[in-house]
Structure formats: structure tokens, C-alpha cells
Amino acid sequence: MNSKLKITNPNGEDRLSSLPDELIYQVLSFLGTRQAVQTSILSKRWKRMWTTLPVLSFDGYDQLFPYTHSGIIRFIDHVLENRDQDTHVSCFKFLAVYPFPPNFVRRLISYPIDHNVEELDIDLQFHRYKPFKLSTFSSDTLLKLKLKVPLDFDESLRTDSKWVLPALKTLHLIRPPHMSSYKLPGFCLIWLPSLTTLCLDGIELPESFSSIRVPNLTTLRMKRSKLPVKVWDLPGLLSLELDEVDLPANMSDFFSALVSVRDITIYFTGTCKHLWNISCPELVHLKICTNFAYVSWIHEIVVLSDKLRELSFVGIFMVSLYVHELENVSVKLWDTVDFKYATWEEKKVHYRHVVPMFSKLGSARTLTLDSAIIERKLNHQVVPNSSTSQKVCVDTVEKRVRVEHLVENSVVEAGKVRQIGCPVEGSGTGNDQASSSRVNGDFE
Amino acid sequence: MKKLKFIGNPLLQSREKINMSSDKKWLTLKTTEDNEEFVVEESVAIMSNVIKNMVEDGCASSVIPVPRVKGNAMGKIIEFCKKHTEESDEKVLKEFDAEFLNLGPDALYDLMVSANFLEIKVLLDSVTTKVADMIKGKSSEEIRNILKIENDLSAEEIEESRRENCWTRQE
């Protein structure tokens with residue numbers, strides 16, 4: 001090994017080492033602790049840089065240098081012992097690749113808590129551990145907590161059965177796969193005065209959620225879960241995302257309770273047909289995706305939101321919009337592999353509904369269609385009332401689409417057609433991304 | 001079946017833009033190392049926290065001197081800031097960044113140091129991620145070659161460090 005080979009830049013300096021410490025830390029923080037420690041052999045200056053790195057992440061185990069089970073334990077212990085003890089931990093991530101001994105895991109979790117950690121991400125995967133007491137995670141400094149661990153929801157008044165997280169802004173809980181779905185106990189949300197973002201995956205909201213005060217909550221994301229029976233009280237919520245959540249029949253009430261919400265994203269499971277109103281006065285962005293597998297459910301949604309500007313669909317819906325002019329409408333027929341391999345019979349069910357769907361969309365300034373729709377040669381009115389639609393963006397990730405084809409058949413006279421993705425065969429102006437072609441002609 | 005017409009007059013659009021531009025504020029940034037001048041819109045220039053503070057504190061005259069940043073780095077930075085102020089589509093920005101950062105290590109460092117100095121967080125995050133990607137998973141020799149780090153450790157020191165940090169290739 002030619003360790004004495006000097007490679008310097010024209011100024012004779014060591015380029016990366018001429019960077020200030022904070023920049024080096026930023027680069028190192030993206031590498032994972034394993035590789036960060038390895039930089040100790042790069043040069044004298046680098047020898048102990050890793051010991052004062054505030055980010056610790058034991059979550060990437062690259063295949064190039066696989067560790068044995070005991071090797072990982074030894075490595076982590078070594079890092080925790082030899083790290084500069086006065087340096088706080090800003091971010092700590094741990095992914096349990098193997099089932100580690102419970103004492104080791106506990107020791108591991110207490111390290112960042114004892115070092116003023118701000119962001120903690122623990123993923124014990126599917127390994128079965130005795131549930132952790134909530135107080136394990138109590139911290140004055142924690143801002144963001146993400147856990148995929150079994151939790152002990154002991155309801156007694158013992159001090160160690162609750163967590164106190166006065167500074168916590170983001171709480172993200174994921175149910176470990178071997179556990180069945182459960183409701184988060186109400187008391188978990190009580191000692192979180194600063195909470196702005198709550199994400200629950202495989203865990204339901206407490207039944208008492210409507211009476212729990214979470215005054216600063218602005219973002220709620222739920223996945224693979226259920227809503228409580230009583231309508232929530234979230235006047236300050238700004239952003240809502242529901243992904244594969246069982247939605248109740250009185251969903252309209254849940255929406256009207258969200259008087260401040262600005263964006264809503266819903267991914268349906270398609271377990272039943274949905275007919276409801278979305279009447280959120282401040283709603284600006286709405287995205288709805290449905291599942292191709294449930295072809296027979298054509299959902300009907302009425303949107304009564306004056307401020308709605310952006311509407312995005314994946315799938316077919318009957319949407320009645322009572323809004324002024326929309327800025328952007330984006331429609332994709334289906335986002336899944338299922339659609340690609342579906343038979344023509346199966347697809348026909350959807351195409352029948354495409355035109356009525358469009359006719360209800362009202363007006364829009366920008367309409368983005370995916371290539372599946374364009375291919376079908378829409379010969380009908382696309383967006384009837386839009387006299388000001390100026391831009392059509394064609395998402396052509398996999399297909400080549402002819403511009404004239406688009407224009408002729410979907411009745412959009414485009415001043416500029418901007419494409420995202422593959423080249424579009426324009427009418428003579430080449431395959432550049434900006435203005436492919438200007439097409440004239442009226443279609444009356 | 002009646003077909004409807006959607007009219008967009010691109011000529012009108014661009015004329016409007018020119019008219020609007022006279023309402024925008026413009027700044028001149030001058031790199032003091034090589035005396036290059038760049039005229040930029042204020043809205044683009046204030047992506048740099050340093051420049052933003054100067055403008056807000058009212059101590060920015062018409063020409064702002066920028067030390068430590070070379071002309072060609074400044075040009076690149078302005079290109080980046082311009083794109084990021086104009087474009088809001090995340091997909092498009094991602095593609096742009098990937099293309100934009102397709103630079104050699106020297107250019108990347110200049111960019112990184114300048115973005116740090118000018119306090120442009122978006123650019124700094126992108127460049128440091130790119131640099132980290134370049135060295136991820138590489139051996140120490142490769143890293144030294146890529147980043148042009150001078151190795152001032154002896155073979156024994158290196159071996160000792162390896163042992164201490166319980167890291168061997170076989171493990």
C-alpha cells in the first residue's frame with residue numbers, strides 16, 4: 001500500500017481537510033457511523049473526527065463489509081465507549097438487523113437519551129422483545145421520536161409508566177409486525193405539549209381522541225388503521241394523510257371538523273364505495289388515490305372548498321367540484337403494475353367512466369394527464385369550461401407520445417407542451433424539453 | 001360533438017414578463033477575488049442568508065462585494081438559485097440538481113465552501129449529499145484519491161487505528 005503517496009491540489013493543500021469542521025460533519029452524517037469511524041485512517045486530522053460527530057446511525061449494513069452478529073455488538077459498544085462523552089447526540093438511528101440481547105438494546109437506547117438527543121429512530125423490526133416502558137424515552141431535548149418497538153402501556157400511576165417529552169414535535173409510531181393492531185392509549189398524547197406532527201402506522205387513534213387536547217397539532221398521518229368513532233376535534237390541523245385507513249360512514253363530519261386544513265391526501269383501500277363531502281374551507285391541495293384491484297367501486301366525492309387549487313387523482317372517481325378555477329389538475333389512471341397487465345375487458349370498465357369524470361372537473365389552468373389516458377384518444381370534451389388552460393404537461397415516463405396526437409384528440413390547443421420524462425415526438429421542433437411545438441388550429 | 005378550444009398566447013405571456021421585470025429589484029454581486037460582476041434579481045440573491053441579512057439591514061448598496069467566492073463558482077450558484085426560485089415542481093428540481101451536480105471533486109468543493117460561506121442551505125445540503133454519495137462504500141484508498149487527502153499516517157498508525165476501531169475487512 002503506497003501510503004506515502006501525496007496527492008495534493010495545485011495550491012498544495014489537502015482539499016477536503018481544508019473545509020471547516022461543520023462541513024465535514026455534514027458529509028460524515030450522511031455516511032452511517034460505520035463508515036464515519038473508518039475515516040479515522042484517512043489522515044491525522046481525520047483520526048478523531050468521528051468521535052465528535054453528533055450523528056450516530058447504526059442502520060445501514062452495507063454488503064461490502066458484512067458484520068457478524070457479535071461483530072456488530074462489539075463495534076457499537078466500542079463506538080459508545082470511545083466517543084467523546086461531552087459531545088451531545090443530535091440524531092441517533094438504530095436498526096436491529098439481528099435479535100440482539102435485550103440488555104444491549106436497553107443500554108443502546110439509554111446512550112442518546114443521556115446525551116441530549118434531539119432525534120431518535122429505533123427500529124427493532126420483527127424481533128420479539130419485552131415491551132419497553134414509556135419512560136425509557138422521556139427526554140427534555142427530544143424533538144423527533146420514531147419507534148418501531150413494542151411499548152408497555154401500563155396504565156398505573158407509577159412514574160415510569162408514562163413518558164414526558166416537553167419538547168417533542170414529531171411522534172411517529174409503527175406497530176411491529178408480530179403484534180396485532182391496537183389503540184394508542186389517550187395518556188400517551190397528554191404529556192406532549194409541543195407536538196405538531198403525529199404519524200401512526202398500524203396503530204389506531206384513542207377512542208378518547210375527540211376530548212384530548214393536542215393544541216399544536218398541525219399534521220396527522222395515519223396508515224393501515226382506523227379512525228375513532230367520535231368525530232375528532234382538530235381545528236388547527238393543516239395537513240392530513242390517510243393511507244389504507246378504514247374510513248367511517250360519517251366521513252363528511254370528520255372533514256368538516258377540519259376547518260383549517262390545507263392539504264389532504266387519501267389512499268383508499270377500496271373496501272366499500274365511498275360517497276362523501278369534503279367541505280374544508282381552507283383546502284388548497286387534494287390528492288386521492290384508489291386501488292385498481294377494487295374495480296367495481298367508483299367513489300363519489302363532492303368537494304366544496306372555495307380555495308382548492310390543486311387536485312390530483314390516481315384512479316377513477318366521480319368528483320363534483322364546487323370550486324372556482326383550479327390551478328393544476330393531475331390525473332393518472334392507475335399507478336400500479338396491476339394496470340399494466342390488466343386485460344382490455346378490465347380496463348374498459350374504467351375508460352367508460354373517464355369522460356364523465358373529466359366533464360365534472362370544471363376548469364383548470366394546467367392539466368396533467370398520464371399517457372394511458374392520452375393513448376385512448378379522447379375524442380370528447382376534456383375540460384369543458386377551461387378557456388384559460390394554457391399548459392398541458394404530459395407525463396410520459398414509459399411511452400412516447402405524439403404531440404399532434406395529444407392535441408388533435410384531446411382538444412387542447414397548447415401554446416407550449418412541456419413534457420416530463422421521455423422525449424416527445426414533436427412536430428418538427430425536435431426532442432428538446434422546453435417548448436416542443438406550437439400547434440395552431442381551432443377545434444370548434 | 002363539440003370540441004372546445006383553449007387559447008394560450010405565448011407571445012403575450014413573454015411580453016408581460018418583460019413588463020413585470022421592471023418592477024423587480026436587481027442587485028449586482030461582485031466577486032472580489034476576480035472582479036466578476038453578476039446582475040441578479042433580489043429574490044434570487046436572497047436565497048443566500050448572508051446576502052439576505054445585508055439587504056434587510058439596509059447595508060447593501062447597489063453593488064455587493066462577495067469575498068472568497070470565485071467567479072465561476074458564483075455563476076454556478078446563481079444558476080442554481082435562479083432555478084430554485086423559478087421552479088416549484090419537486091420532480092423537475094430533483095432532475096435539475098442531479099444534472100447540476102455532475103461535477104468533478106474540485107468544482108464540488110468550491111461549490112460546497114461557497115454555499116457554506118454564503119449560507120445557502122438548499123445548495124449546501126445537495127452538495128454535501130452528493131459528496132457523501134461519492135465516498136459511500138469506497139475503501140480508504142479510493143476516498144483519499146477522490147477527495148485528494150494527503151495521507152500523513154504511517155502504516156503502523158493506520159493498522160493501530162484499524163485494530164482499535166474493530167474494523168477489519170474479514171470481519
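Every chain is numbered from 1, with letters handed out A, B, ... down the list of sequences. Values reported hereafter were calculated over all heavy atoms of this structure, with side chains retained and with hydrogens, waters and symmetry mates removed.
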Proximity of residues 118-127 of chain B to chain A, residues having a non-hydrogen atom under 4.5 angstrom = B:Leu124, B:Asp125
d(A:Ser90 OG, A:Glu119 CD) to nearest 0.5 Å is 8.0 Å
Who passes side-chain hydrogen bond (donor to acceptor under 3.5 Å, both in side chains) against B:Glu36, sequence neighbours left out?
-> none
For A:Phe30, what residues pass the ring-ring contact (aromatic ring centres under 6.0 Å, His included) criterion, not counting sequence neighbours?
-> none
List for me each residue that meets side-chain contact (heavy atoms from CB on, under 4.5 Å) alongside B:Lys94, sequence neighbours excluded, and say none if there are none.
-> none
Salt bridge B:Glu95-B:Lys91, side-chain N to carboxylate O under 4.0 Å | no
Quick one: sort the B:Phe80 and B:Phe96 rings into parallel, tilted or perpendicular, breaks at 30° and 60°.
-> tilted
